[in-house]
Number of protein chains: 2
Amino acid sequence: MPKQTFFNLPKQKRDLITRLALEEFASHDYHSASLSKIVERAGIAKGSMYQYFGGKKDLYLYLFNLVGQAKLSYITSKVPDPESLDLFSYLKELMMASAGFEIHHPLEYRMGMRVVYGDSPFKEEERQQMKNAVVDFYKGLLIRGIERGELDPDLDVDAAAFLLSAVSLELGSFIMNRLDLDSEDLQSSKIDWEALEPILDTVIALIKNGIARR
Amino acid sequence: MPKQTFFNLPKQKRDLITRLALEEFASHDYHSASLSKIVERAGIAKGSMYQYFGGKKDLYLYLFNLVGQAKLSYITSKVPDPESLDLFSYLKELMMASAGFEIHHPLEYRMGMRVVYGDSPFKEEERQQMKNAVVDFYKGLLIRGIERGELDPDLDVDAAAFLLSAVSLELGSFIMNRLDLDSEDLQSSKIDWEALEPILDTVIALIKNGIARR
DNA sequence: TAGTCATGTGACCTAGCAGTCATATTATAT
DNA sequence: ATATAATATGACTGCTAGGTCACATGACTA
């Protein structure tokens, strides 16, 4: 947790530091990210940073929580109540929102990917737990789908949940490929929401019905 | 490329250095991996390493090529001719071999994952090209599947190829989950080939037929 | 105005890194 | 045995990093 001093800062300064730190941790692994670079860019003294945060790990965890909250609130604001939709429509909305987050919050997205994939102060075990949390979330969805009679009760829920989490993890790069963008373009965030829908329709249809000839 | 001096080394010593370097680069990102640690473990002087390799990047690229070759030769030795099988059987064999590689060559596998996901001396662009190579490979398979009448000609090949590459990227962690293993267990490589088959059957069936009720 | 507490500062510390090089050792050839 | 070339060595350089601290500056109270 940051120290009180950090929260006493004028919002503008706080936000600047947060943004620059996020940029650094979005662009480099935990070990490679540099506090010295951050303070230099922010135009503040190294010592000041240690008035705000306990250290590198403290800053990292603060950003990690920020990213988690940002994603959660973005998703919940975009995705309707799961009870009001059939499973696959809900999945589509969910993944669209997820893709939207990647596009409209590229820094947060890139840092999130590094938490899962790159070096981080988290132990391998904790990292695995995060991935499992995603898989478990999808498992819950699928189980409810079965209970509501939308899915075959004999469906291998674990395998299907794995499939969904694998797709959602890589979805971002597929969308960027298909819209012919790279990470740089994300900043300008002039990607329209409508372009996402047909892509998600296609992907969800594949997950739903498979690749094989019907 | 390593220098001639490296290849003049007695095989035993060469292999030791290679193995220790691979362990280091499998356990840490490019920036965090340490030549000093490698030479210390190998019991040789720092200067010797620079008699063998031009520098850190040279060593890294050497290992990268080794991993690529190891994977390629492993896969081609296990997977039969694509013409002799229907598409989904071939996919199954391919992914089984891929999983087998992960299990029997864990160091090479882990380093490979870091090349794609972690920091590396490759530019973002080159990294993307590697991922694309995988997607393109699957695209080729799918197109041939269509030509042979195994797949619907209206299939969205790009999306399907993305699905396959997403699954194959994450397959390793799913298998480890399902067999209740972690990275450590891989070393002991007493995982039997037979255990893989039912898992792959399940996954391929999902890809083939989808999640939905039929 | 004097005093107190919160905040800001950057020189400084220790540690680890990649990479260098003069020198020592070993192997090979004559 | 001698000369020559190949290989091995580790102290050393230069750099960057995270983290510390005595001190400076500002703000608020009495």
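Lettering of chains follows the sequences in order, A, B, ..., and the numbering in each one begins at 1.
Put simply, NZ on Lys3(A) is 19 Å from P on dC5(C), counting in whole angstrom units. What separates CE of Met49(A) from P of dG10(C) is a distance of 15 Å, to the nearest Å. Nucleotide dG19(C) holds its P atom 10 Å from the CG atom of Leu59(B), rounded to whole Å. For the pair Glu40(A) CD and dT16(D) P, the computed distance is 10 Å after rounding to whole Å. Between the CD atom of Gln51(B) and the P atom of dA27(C) there is a distance of 15 Å, given to the nearest Å. Atom CD1 of Ile17(B) and atom C1' of dA8(D) are 11 Å apart (whole Å). Between Glu24(B) atom CD and dA18(C) atom C1' the separation is 13 Å, expressed in whole Å. One atom, CZ of Arg14(B), and another, P of dT7(D), lie 13 Å apart when rounded to the nearest Å.
His104(A) and Tyr109(A) form no side-chain donor-acceptor contact under 3.5 Å, judged by distance and modelled atom types alone. Defined by atom type and a distance below 3.5 Å, a donor-acceptor pair is present between the side-chain atoms of Gln4(A) and Asn8(A).
Ion pairing between a basic and an acidic side chain is recognised when a charged N comes within 4.0 Å of a carboxylate O; Lys92(B) and Glu197(B) show such pairing. A salt bridge is absent between Arg41(A) and Glu23(A); no separation between the charged side-chain nitrogens and carboxylate oxygens falls under 4.0 Å. Salt-bridge check for Asp136(A) with Lys131(A): failed, with every basic side-chain N at 4.0 Å or more from each acidic carboxylate O.
Of the residues in residues 28-37 of chain A, those placing a heavy atom less than 4.0 Å from an atom of DNA chain D are Ala33(A), Ser34(A), Leu35(A), Ser36(A), Lys37(A), in numerical order.
Across all strands, Phe53(A) comes closer than 4.0 Å to no nucleic acid atom at all (heavy-atom distances). In this structure, Gly55(A) reaches the sugar-phosphate backbone alone: every heavy-atom distance under 4.0 Å involves primed, P, OP1 or OP2 atoms, never a base. Residue Tyr52(A) is classed as a sugar-phosphate contact, given heavy-atom separations below 4.0 Å to backbone atoms only. Within the nucleic acid shown, Lys13(A) comes within 4.0 Å of sugar-phosphate atoms alone, with no base atom in reach, counting heavy atoms only. Backbone-only engagement by Leu9(A) is indicated by non-hydrogen atom pairs under 4.0 Å involving sugar-phosphate atoms exclusively.
Using a 4.5 Å heavy-atom threshold, the side chains of Phe25(B) and Arg114(B) count as separate.
Mapped onto DNA chain D by nearest heavy atom, Gln4(B) and Lys46(B) fall at different nucleotides, with Gln4(B) at the one closer to the 5' end.
For the atom pair CG (Leu164(A)) and CD1 (Ile204(A)), the distance works out to 7.5 Å, reported to the nearest 0.5 Å.
Checking the phosphate oxygens (OP1, OP2) of dG8(C), no side-chain nitrogen or oxygen of Tyr50(A) falls inside 4.0 Å. For dA6(C), the OP1/OP2 oxygens have no side-chain nitrogen or oxygen of Asn8(A) closer than 4.0 Å.
Taking only side-chain atoms of Thr5(B), from C-beta outward, the nucleotide of dG8(C), dA18(C), dT7(D) with the closest atom is dT7(D). Closest to the side chain of Lys56(A), out of dG8(C), dT7(D), dG18(D), is dG18(D).
Here the rule is side-chain hydrogen bond (donor to acceptor under 3.5 Å, both in side chains) with Asp15(A), and of Gln12(A), Arg19(A), Lys11(A) only Lys11(A) fits it.
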Checking ring-ring contact (aromatic ring centres under 6.0 Å, His included) for the pair Tyr62(B)/Phe6(B): CA distance, chi angles, key distance, verdict?
-> CA-CA 11 Å; Tyr62(B) 171 66; Phe6(B) 180 65; 5.6 Å; yes
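By the 6.0 Å and 45° rule, Lys56(B) stacks over the aromatic ring of Tyr30(B).
End-to-end axis angle for the helix from dT4(C)-dA27(D) to dT30(C)-dA1(D), using five pairs per end and rounding to 10°, comes out at 10°.
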